[in-house]
Structures are given as C-alpha cells and as structure tokens.
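To find a chain, count down the sequence lines: A is the first, B the second, and so on, and within it residues start at 1. What you see is a predicted model, and the numbers here were worked out from it, not measured in a lab.
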There are 2 protein chains.
Amino acid sequence: MPKEARPGTGEQAKQHALAQLRQAILHGEMAPAQRLVENELAEQFGVTRASIRAALIDLEAQGLVERIRNRGSRVRVVSVEEAVAITECRMVLEGLCAAKAAVVASDEQLAELTDLGTAMQKAVSGGEPVTYSELNHELHARIREFSGQLTAVELLERLNAQLVRHRFQLALRPGRPQQSLNEHLAMIEAIRARDPQAAESAVRAHLTSVIDALRD
Amino acid sequence: MPKEARPGTGEQAKQHALAQLRQAILHGEMAPAQRLVENELAEQFGVTRASIRAALIDLEAQGLVERIRNRGSRVRVVSVEEAVAITECRMVLEGLCAAKAAVVASDEQLAELTDLGTAMQKAVSGGEPVTYSELNHELHARIREFSGQLTAVELLERLNAQLVRHRFQLALRPGRPQQSLNEHLAMIEAIRARDPQAAESAVRAHLTSVIDALRD
DNA sequence: GCGAACAAAATTGTTGACAATGTTGTGGGC
DNA sequence: GCCCACAACATTGTCAACAATTTTGTTCGC
C-alpha cells in the first residue's frame with residue numbers, strides 16, 4: 001500500500017482519493033455493502049469532501065459503488081446472478097478480442113502467449129493456485145491488449161473490476177485450475193494458429209465453463 | 001427543447017443539469033469538439049458549477065465528453081475508426097442479447113417483434129427513412145429489453161449514446177434501408193423460431209453489414 | 001404495550017469564495 | 001525579425017460553510 005495521503009504535494013487530490021479508494025475496494029479492504037460516509041473518507045484520505053464526492057461519482061459510473069439520493073454510498077455487492085450476467089458479457093467481448101488478436105498479433109506477442117501457457121502449466125502441476133490465478137489474469141489481459149480493440153478493452157476492465165470478489169473465490173476451488181488450464185491452452189493454441197473463429201470459440205468455451213463453476 | 005432550468009423546485013440540481021446536458025449533446029445542439037466551460041453551462045442551466053462538474057464527470061464516464069486536467073471539457077468526437085470498434089462491441093453484445101431473447105421472450109413479446117417487422121417493411125416501401133430509422137432503433141432496444149440481460153443492456157446503451165452522430169448519417173444513405181430491412185427481418189425470424197444460434201448469427205450479420213457501410 | 005406524530009442527529013446536496021494551473025499576449029534581448 | 005521570459009487572463013481544482021433531506025430516537029395518546 002502506498003504511503004499516506006499527501007495534501008500539499010500538488011498531486012491532484014481527487015485523483016489521489018479516487019485511486020486510493022478504488023484500490024481499497026478492489027483489495028477487499030472495504031467490506032461488501034459497507035457504508036461509505038463522505039466525511040470519514042475525506043478525513044481518512046486527507047482530502048476534502050468535494051474530492052471524495054467526485055471520486056464516488058466516478059466509482060459509481062464504474063459500477064464499484066452504489067449511490068442513493070440523500071442516503072449515501074455503499075460498495076456494491078455483486079450477486080452470483082449478476083456475476084453470471086457480467087461473465088456472459090465478458091465471454092462475447094473477450095471472444096471478439098481473441099478473434100482480432102489472432103489476426104493482428106505480432107509473432108513476438110504470440111511467443112509471449114506461449115510462454116504464459118507453459119508458466120501456467122508449471123503453476124498447476126506445482127500446485128500453486130495463487131500464481132496460476134495471477135497468470136490467468138495476465139493471459140486474459142494480454143489477449144485483450146494484443147487485439148487493439150480499445151473500446152472492448154475499456155468495457156472489459158470495467159466488468160472485471162466488478163468481479164474481484166468472485167474471482168478469488170473461484171481460483172481456490174480444488175480441481176478448478178486443472179480444468180481451466182486445458183481451456184486456456186486451447187485458447188493460446190487457436191490464436192497461435194491465427195484462426196479467429198477457433199480463438200473465439202475457445203474463449204467462449206472457457207468462459208462458459210467459468211459460468212458453470214460460478215453457479216456452483 | 002424542455003422549458004428552462006428550475007432552480008427552486010426541489011428537483012435535484014445535478015440530475016437536472018445532467019439530463020439537460022446529455023440531451024443537448026445527444027441532440028447535436030453542442031457542436032462536436034465544442035468547449036464546455038463549467039461557468040457558462042452553470043449559468044445556462046441555472047445551477048451551480050459543482051452540479052455541472054458532477055454532471056461532466058458522469059458524462060465523461062459515459063464517453064460523451066472528454067476532460068483534461070486543468071484544461072476543461074469538450075464533447076468527444078467519435079472517429080469512424082472508433083465508430084467501427086464500438087459497433088464491433090455492439091455486434092457481440094447484441095448477439096448475446098438476441099440469443100437470450102430467443103430463449104426467454106414471451107409469446108406476446110415475439111408478436112411485438114413481428115409487428116415491428118411489418119411496420120419497418122411498410123416504412124421502407126413507403127420511402128420514409130426517418131420512420132424506418134426510429135423503428136430500427138426501437139427493434140434493437142426491444143430485443144435488448146426482452147433478453148433480460150441487464151449488464152449487457154447497460155453497456156449497449158452507453159455504446160449507442162456515443163454513436164448518435166454516425167447513426168443519423170447512415171440512415172439517410174440511399175439504398176441502405178432496403179438492405180438492412182432484410183437483415184432485420186432475418187433477426188426477427190430467428191428469434192421467433194426460438195433459435196438462439198441463428199438469432200446471434202443474424203444479429204452479427206446485420207451489424208457486420210453496418211460496419212461495412214460505416215467504412216464507406 | 002403499540003402506533004403515530006414529532007424532534008434531534010447524521011448525512012448528503014448546494015453555494016460562493018479562494019487557490020492552482022494552463023493559456024495567451026506583450027515586451028526586451030539577440 | 002525571431003525567440004524567450006514574464007505578466008495578465010481564463011479556467012479548472014479545492015475548500016469550508018450552509019441548506020435540505022433522511023434516519024433515528026422519543027414522547028404522547030390510545
């Protein structure tokens with residue numbers, strides 16, 4: 001975690017508060033459905049209420065907090081149902097990105113994906129679910145990045161931010177890494193083969209399986 | 001255009017300013033890339049700068065305006081390239097909605113789609129491109145609505161708001177309604193047949209054709 | 001003991017003023 | 001004549017105080 005708030009350094013206060021608060025929510029330091037009182041946050045981060053307000057409006061637009069007129073803000077809780085709906089959107093959008101990546105990625109980028117694949121394989125056989133989860137996240141991020149589809153990337157990052165809590169829960173489930181590993185390898189293989197349709201199918205198959213897992 | 005600002009009615013000022021400003025941008029009353037000075041807007045809408053600021057932050061998150069630190073806000077201009085990227089995202093998301101709608105829509109809702117289809121047919125043969133464009137918009141909206149996929153609907157409305165300018169341009173192109181009509185009818189038919197895969201394919205075919213048209 | 005009107009506290013919404021930052025126009029030095 | 005420093009201006013960012021709203025606790029009547 002970064003230092004403390006720096007009220008006088010010229011660093012834009014709202015930006016600072018926004019980043020801090022966002023990280024706090026994403027790292028789970030704020031309990032789900034916890035009330036976010038503007039005064040408390042302002043004192044906690046060493047900025048004024050106006051900056052906190054601006055940050056909260058921003059976070060509301062990102063779907064991370066809920067704000068009700070004259071009633072305050074709370075960190076938004078994502079039900080399993082919503083998580084499924086969000087993952088369905090991820091499914092089609094990441095499918096689009098994978099298809100584009102299969103066409104436009106450079107050879108160096110494909111090599112990077114291959115390396116990620118072997119690293120993931122190693123993490124699974126070594127029994128390191130946390131490392132695997134991080135690599136998993138990075139693989140998806142790279143595919144998005146390589147697609148060059150800025151609009152889709154933006155939407156996906158918004159959606160992913162809302163799923164942090166559910167992601168953790170999923171990664172630690174026994175047996176889950178083994179299944180998802182194969183799906184990930186299939187995705188990589190399809191992109192390496194520069195086959196957009198296969199890439200899209202592989203991504204969708206993977207996220208369909210994630211949805212099934214989400215539903216318990 | 002609605003009446004004038006109502007500073008004292010108890011209607012939340014920020015909400016009012018937000019709605020007004022949003023409509024103004026969407027209706028093209030603000031020239032593309034026009035500078036949006038907080039003071040001017042505040043006076044124009046009869047609210048204070050703080051409310052305008054909040055509205056601008058909101059609109060930035062919706063992709064309708066651009067804000068640069070200490071430099072002000074402008075209405076965002078969407079290049080053709082961006083419009084294509086946005087429409088690609090629409091393509092997959094509306095595909096998802098159509099597939100879900102084909103499964104979960106009620107018989108009454110299917111009948112409504114059928115009615116919309118015949119109305120569109122009539123508008124085209126009658127040579128009324130504006131009516132057709134409105135029906136077009138409504139058809140897409142209804143399919144989204146019937147899908148029950150709230151997350152996707154939210155994303156799509158955001159994306160569509162960014163395309164107003166391009167949509168107008170497209171609707172008035174000669175010959176375009178005739179082509180798009182057939183695609184729309186195919187979409188309706190596939191949903192009526194309760195065939196999710198066919199519905200998704202039809203939607204994607206339609207929006208692929210829209211993308212081609214966008215590219216001139 | 002229970003419910004409704006009422007008062008008090010907590011919290012958000014709004015306002016106007018002030019500070020910080022970026023932009024533009026102007027004059028001196030070369 | 002051209003370039004750079006500098007000052008005046010415009011605009012956004014921040015702040016503290018005030019108003020409006022909702023929630024909570026209390027008292028009165030039944």
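If you take CG of B/Leu41 and P of D/dT12, they are 9 Å apart, rounded to a whole angstrom. Rounded to an integer number of Å, the gap from CZ of A/Arg53 to P of D/dC15 is 15 Å. The CG atom of A/Leu56 sits 14 Å away from the P atom of C/dT11 (whole-angstrom rounding). C/dT15 atom P lies 12 Å from atom NE2 of B/His16, rounded to whole Å. Note: CZ (A/Arg35) to P (C/dT12) measures 6 Å, nearest angstrom. For A/Ile68 and D/dT22, the CD1 to P distance is 12 Å, given to the nearest whole Å. The distance between atom CD1 of B/Ile57 and atom C1' of D/dT14, rounded to the nearest whole Å, is 12 Å. One interatomic measurement links the two molecules: CD of B/Glu40 to C1' of D/dA10, which rounds to 11 Å at whole-angstrom precision.
OP1 or OP2 of D/dT21 has not a single side-chain nitrogen or oxygen of A/Arg69 nearer than 4.0 Å.
Residues A/Arg71 and A/Ser51 each lie close to DNA chain D; by heavy-atom proximity, the contact nearer the 5' end of the strand is made by A/Ser51.
Side-chain contact annotation: A/Arg53 with A/Ser73, donor-acceptor N/O pair under 3.5 Å absent. Side-chain contact check for A/Gln179 and A/Glu183: at least one donor-acceptor pair (N or O, by modelled atom type) lies under 3.5 Å.
With hydrogens and angles ignored, a donor-acceptor pair under 3.5 angstrom links the side chain of A/Arg49 to the base of C/dG13.
For A/Asn39, taking side-chain heavy atoms from C-beta onward, the closest of the listed nucleotides C/dT15, C/dT12, D/dA16 is C/dT12. For A/Asn70, taking side-chain heavy atoms from C-beta onward, the closest of the listed nucleotides D/dG13, D/dT22, C/dT11 is D/dT22. Residue A/Glu38 has its side chain nearest to C/dT12 when only D/dT11, C/dT12, D/dG13 are considered.
Distance alone, capped at 3.5 Å, places no donor-acceptor pair between the B/Arg167 side chain and the B/His137 backbone. At distances below 3.5 Å, at least one donor-acceptor pair connects side-chain atoms of B/Gln162 with backbone N or O atoms of B/Gln62. Within the 3.5 Å criterion, the main-chain N or O of B/Ala85 finds a donor-acceptor partner in the side chain of A/Gln149.
Across all strands shown, A/Leu36 has heavy atoms under 4.0 Å from sugar-phosphate atoms exclusively, and none from any base.
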